[in-house]
Amino acid sequence: MHRPTFAIMEKQLIDPFARAIKYLRVSVTDRCDFRCVYCMSENMEFLPKKDLLTLEELDRLCSAFIGLGVEKLRITGGEPLVRRGIMTFFNAMTRHLDSGALKELTLTTNGSQLAKYAEDLYAAGVRRVNVSLDTLDDQKFADITRWGRLPQVIKGIDAAQKAGLRVKINAVALKGFNEDELFTLQSWCADRDMDLTFIEVMPMGDIGNEDRLGQYWSLNDLRKQLGERFTLTDLAERSGGPARYIRIEETGQKIGLITPMSHNFCESCNRVRITCTGEIYTCLGQEGHSDLREPLRASNDDDVLEAAIHRAIGLKPKGHDFDYSRQTVDGRVSRHMSHTGG
Ligand code: SAM
Ligand code: SF4
């Protein structure tokens, strides 16, 4: 059995509730080539470029976390594949996969650029990608993403599978929008040997006039509908995050249900998030965060950076409270998902 050396154990990131931090999600840009209605307003204002971490800073920061015991790195955004030069960053992370320190390098993408990058991502060591796709209807896809085109995303998924990447589809469950596509999406994924995860819509950021209440489709209800057609088995497997999994016995397919509004995952939460500006959020549902860009830019000394990371992890709260948040009315979190990275 592999045992970490004492030195590494000492450096491990352990939060005040004895949770070891193994999973880092990093948003590499706030920009995107889509404007999904639940995520962004149509006239989003993006951050000045100088506020974003450079690719070198992202490398240094992620490498510091990996040195402190992070084993899984998920790259997200905005749309990570629209960040200029992003393959330089992925290629730089390959060294941590090669050394064995990093166990998995992965990304969440809207799929629009996958046809271009799938092979390069595989070559960099990526083996799995999450592609967000809420509908298989051309017109509905154009409506929900405002700027997206479905055939381009399907082409991206084709390219990813051809390159050897395992694809999981993430769909936001939206009442009155994709409720009628539950079985279409499920069977399409089964035919392509892809797992499928549904995400409950979350109250994040100011996105204009969209009515969130009208959008909320309970995943309990979704599960019930699936159960009326299929034999479902609850899986014990947990990812350390807000997903629960069930297996459809008839297809062998794994279906994930992400219910971030519930609290049932907080005690095992092993993840933290970094925004594209280098803020670290230790809980998706809380406003509390620390700045890592300042220590990153102030000094080339990694000890300074590591000390700042340790201080930030020391502030990780026990859990979140979207529904009765002390920070904002209605538990709404003011930042956009594209800022923190979903
Ligand atoms: N652009 C990439 C994509 O769409 O996959 C990565 C970033 S996106 C912010 C990550 C995930 O967050 C996507 O699966 C998206 O559907 C989800 N998301 C965005 N806004 C959300 C919201 N208000 N509630 C729930 N999920 C949301
Ligand atoms: Fe872009 Fe992803 Fe947000 Fe859609 S969900 S607007 S694709 S960042």
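Note that the structure is a prediction, hence the values are computed from the model and not measured. Both ligands and their constituent atoms are indexed starting at 1 by order of listing. We're numbering straight along the sequence, starting at 1.
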Discussion item. For Ser63 and Arg95, which I'm curious about, is there any donor-acceptor pair between the side chains at under 3.5 Å?
Written reply: yes
Response to the item:
At under 4.0 Å between heavy atoms, what of Thr109 touches ligand 1? The answer is backbone
Worksheet entry | Ile199, portion touching ligand 1 at heavy-atom distance under 4.0 Å | side chain
Worksheet item: Considering only heavy atoms of Met202, which atoms of ligand 1 have at least one such atom less than 4.0 Å away?
Response: 22 (C), 23 (N), 24 (N), 25 (C)
Discussion item. Test your reading of the structure: does Tyr38 have an N or O sitting under 3.5 Å from an N or O of ligand 1?
Written reply: yes
Fill in: Contacting atoms of ligand 1, where contact means under 4.0 angstrom from a heavy atom of Val201
24 (N), 25 (C)
Worksheet entry | Exercise: do Asp33 and Ser112 side chains pair donor with acceptor under 3.5 Å | yes
Item to complete: Check each atom of ligand 1 against the heavy atoms of Glu200 and keep those under 4.0 Å away; list them by number with element.
Response: 25 (C)
Discussion item. Test your reading of the structure: does Gly77 have an N or O sitting under 3.5 Å from an N or O of ligand 1?
Written reply: no
Worksheet item: Taking 4.0 angstrom as the limit, do Arg166 and Asp193 come out as a salt bridge?
Response: yes
Worksheet item: Quick one: does ligand 1 sit under 4.0 Å from the side chain of Val172, the backbone, both or neither, non-hydrogen atoms only?
Response: side chain
Worksheet item: Is there a donor in the side chain of Ser218 and an acceptor in the side chain of Glu200, or the other way round, less than 3.5 Å apart?
Response: no
Discussion item. Any nitrogen or oxygen of Asp134 lying under 3.5 Å from a nitrogen or oxygen in ligand 1? Just yes or no.
Written reply: no
Worksheet item: If you draw the axis of the six-membered ring of Tyr245, does the NZ or CZ of Lys254 fall within 45° of it and under 6.0 Å from the ring centre?
Response: yes
Discussion item. Under 4.0 Å from a heavy atom of Gly78: which atoms of ligand 2 are those, numbered in the order shown and with their elements?
Written reply: 8 (S)
Fill in: Candidates Lys168, Glu79, Arg74 - the one meeting side-chain hydrogen bond (donor to acceptor under 3.5 Å, both in side chains) with Thr108
Arg74
Item to complete: Could you please spell out the steps behind the side chain to side chain contact (heavy atoms under 4.5 Å, CB included) verdict for Thr231 and Arg247?
Response: CA-CA 8 Å; Thr231 317; Arg247 188 174 52 238; over 6 Å; no
Discussion item. If you measure every N or O of Asn130 against every N or O of ligand 1, does any of those distances drop under 3.5 Å?
Written reply: no
Item to complete: Check ligand 1 against Gly78 and write out every atom of the ligand that is under 4.0 Å from a heavy-atom position of the residue.
Response: 1 (N), 2 (C), 6 (C), 7 (C)
Fill in: Residues Glu279 and Arg273 bridged, charged N to O under 4.0 Å
no
Discussion item. When you compare the side chains of Asp301 and Ser299, does any donor N or O come within less than 3.5 Å of an acceptor on the partner?
Written reply: no
Worksheet entry | Short N-O contact, Glu104 and Arg128, less than 4.0 angstrom | yes
Worksheet entry | Closest candidate by heavy atom, reference atom 4 (O) of ligand 1, pool Cys36, Cys39, Ala173, Ser132 | Ser132
Practice prompt. Check each atom of ligand 1 against the heavy atoms of Thr76 and keep those under 4.0 Å away; list them by number with element.
Written response: 6 (C), 7 (C)
Worksheet item: Quick check: does Cys39 put an N/O/S atom under 2.8 Å from atom 3 (Fe) of ligand 2?
Response: yes
Discussion item. Within ligand 2, which atoms have a heavy atom of Cys36 less than 4.0 Å away?
Written reply: 4 (Fe), 5 (S), 6 (S), 7 (S)
